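A quick write-up on the structure given underneath.
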Protein chains: 2
Amino acid sequence: MIPSSPAPAAGPAGRGTGPSEPRHPRPDGRDRYTIGEVASLTGLTAHTLRWYERIGLMPHVDRSHTGQRRFSNRDLDWLAFVAKLRLTGMPVADMVAYAEMVRVGEETVDARRALLERTREDTAARIAELRDTLAVLDRKIAYYHDAVAASGKD
Amino acid sequence: MIPSSPAPAAGPAGRGTGPSEPRHPRPDGRDRYTIGEVASLTGLTAHTLRWYERIGLMPHVDRSHTGQRRFSNRDLDWLAFVAKLRLTGMPVADMVAYAEMVRVGEETVDARRALLERTREDTAARIAELRDTLAVLDRKIAYYHDAVAASGKD
DNA sequence: TAGGAGGTTGGAGTGCACTCCAGGCAAGCG
DNA sequence: CGCTTGCCTGGAGTGCACTCCAACCTCCTA
């Protein structure tokens, strides 16, 4: 439950900027992927990739001479970062706002950092909640384990 | 982002069964709460509580002589447990299935334990994912922190 | 006993994040 | 050349989990 990155997601990233992350296994030396290739690399559908672009969550993707999309490694990095943000439960609208700030440039750096810091706190809180939940589940499972014969229990 | 339990959620529980959990702070010795009281105790809306009952996620709630709902401490325990399951991302349909199994009785104990164990694994995996995400966020925040003057970054 | 807060119902509406459709263009293979 | 497979677009549709509506009833306090 909750779609966790299914395909060989392209490692941590952030559109080639940020702390110099190790470039993770990508097919080969290429830098122009079709939408279908990106779909299987990221686990997203082609539909979703087009939709991301339409709503402004993808910076302008390059096109072939006939108008087909050609994604770059930079685009893959960005998508990997977006996948991380998605995991935190951040609404797509907020991610679009972040993407927009990136597009605007330097003067939004503080706002971007603030957004990430808020997200960081949310994520830490969520981890704590889940740990708590795990404890509850463990207690309940243990209970089922050695009280199998009792009746009317949940 | 992600509605985390807002109101004084009534502690961990499981409809009074399971490992004997400490009975958490409840208003007082009462055992008959109106829907509004339960709403503010759980952080759910009255609408949602009625909806839970309609779809079979609540065992039959007691009624006053005039037909108004009167929730018991047992009901609050169950709601607290449901809140935990909700935190794991379990679909409501699965929770309804669990509730149904509880209603059926003893012969579903194995299936219930299996469901909880699957949920437990999902939750543990989710925690790992989030930890990873936290690391990515931390790196990016640190980057923003000491590379504020660089341009065109995300 | 009057008024306002809060309770009841079935069914319709909302917001989010996709997901799919129809109709057409393009690329590579035998 | 024909065929299959893949990509293009705008717009409509889907599934989930609520959320609200209208019309009415009940409880409690002044």
Side-chain angles (χ1 to χ4, degrees), chain A residues 1-7 27 30 32-58 60-72 75 79 82-99 122, chain B residues 1-7 27 30 32-58 60-72 75 79 82-99 122:
Chain A
M1 51 205 49
I2 287 176
S4 44
S5 48
R30 284 184 321 119
R32 290 172 73 74
Y33 309 89
T34 66
I35 198 167
E37 288 169 334
V38 175
S40 61
L41 283 170
T42 60
L44 299 168
T45 69
H47 291 306
T48 300
L49 288 167
R50 291 195 200 98
W51 179 67
Y52 275 7
E53 193 178 348
R54 243 194 295 178
I55 64 174
L57 187 47
M58 274 305 290
H60 302 105
V61 175
D62 201 20
R63 299 293 179 121
S64 73
H65 68 105
T66 52
Q68 298 201 345
R69 287 175 186 79
R70 291 295 177 258
F71 291 79
S72 66
D75 293 329
L79 283 171
V82 164
K84 288 293 183 204
L85 291 185
R86 213 162 32 112
L87 276 173
T88 68
M90 180 188 283
V92 166
D94 288 10
M95 295 188 231
V96 170
Y98 184 88
D122 289 345
Chain B
M1 49 207 52
I2 287 177
S4 43
S5 48
R30 283 183 322 118
R32 289 172 73 75
Y33 308 90
T34 66
I35 198 166
E37 287 169 333
V38 174
S40 61
L41 284 170
T42 60
L44 299 167
T45 68
H47 289 306
T48 300
L49 289 166
R50 292 196 199 96
W51 178 66
Y52 275 7
E53 193 178 349
R54 242 193 298 176
I55 64 174
L57 188 48
M58 273 305 288
H60 303 104
V61 175
D62 201 20
R63 299 292 180 121
S64 74
H65 67 105
T66 53
Q68 298 200 345
R69 288 175 185 78
R70 291 296 177 258
F71 291 79
S72 66
D75 293 328
L79 284 170
V82 163
K84 287 293 183 202
L85 291 185
R86 212 162 33 112
L87 275 173
T88 68
M90 179 188 283
V92 166
D94 287 10
M95 296 188 231
V96 170
Y98 185 88
D122 289 345

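Note that this is a predicted model, so its numbers are computed, not measured. Letters A, B, ... mirror the listed sequences (proteins, then strands); counts begin at 1.
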> B:R32: what forms a salt bridge (Lys or Arg N to Asp or Glu O under 4.0 Å) with it, not counting sequence neighbours?
Replying inline: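 Result, salt bridge (Lys or Arg N to Asp or Glu O under 4.0 Å) vs B:R32: B:D62.
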> Of all residues at least two apart in sequence or in a different chain, which pass the salt bridge (Lys or Arg N to Asp or Glu O under 4.0 Å) check with B:R69?
Replying inline: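 Checked B:R69 against salt bridge (Lys or Arg N to Asp or Glu O under 4.0 Å); matches are B:E53.
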>> Please enumerate all residues that pass side-chain contact (heavy atoms from CB on, under 4.5 Å) together with A:A97, with sequence neighbours excluded.
In response: none
Just the atom pairs and distances: protein N or O near nucleotides 1-4 of chain D's N or O, under 3.5 Å.
none

> Only one of B:L44, B:V61, B:V96 clears side-chain contact (heavy atoms from CB on, under 4.5 Å) with B:Y52; which?
Replying inline: B:L44
> Would a 4.5 Å heavy-atom cut-off, applied to side chains only, mark A:T42 and A:F71 as touching?
Replying inline: no
> Can you find a heavy atom in the side chain of B:V38 that is under 4.5 Å from one in the side chain of B:D75?
Replying inline: no
>> What is the distance, to the nearest angstrom, from the CD1 atom on B:I55 to the P atom on D:dC16?
In response: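 In whole Å, D:dC16 P lies 11 Å from B:I55 CD1.
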>> In whole Å, I'd like the distance from the CG atom of B:L49 to the P atom of C:dG7.
In response: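 Distance, rounded to whole Å: 10 Å.
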> Which nucleotide in the set D:dC7, D:dA17, C:dT8 lies at the smallest distance from any side-chain heavy atom of B:P91?
Replying inline: D:dA17
> Along nucleotides 22-30 of chain D, 5' to 3', which nucleotides get a B, which get an S, and which get a -, given that the test is a protein heavy-atom distance under 4.0 Å?
Replying inline: ----SS---
N/O contacts under 3.5 Å, protein versus nucleotides 18-23 of chain C?
none

> Are any of A:R69's side-chain N or O atoms less than 4.0 Å away from OP1 or OP2 of D:dC8?
Replying inline: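 Affirmative; the distance criterion is met.
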Can you see which heavy atom on [X] is nearest to which on [Y], and at what distance?
X: A:A46; Y: A:I35; value: O-CD1, 3.6 Å
X: B:L57; Y: B:A99; value: O-CB, 4.3 Å
X: B:L49; Y: B:A39; value: CD1-N, 3.8 Å

> Tell me the salt bridge (charged side-chain N to carboxylate O under 4.0 Å, His left out) pairs involving residues 36-48 of chain B, sequence neighbours left out?
Replying inline: B:R30-B:E37
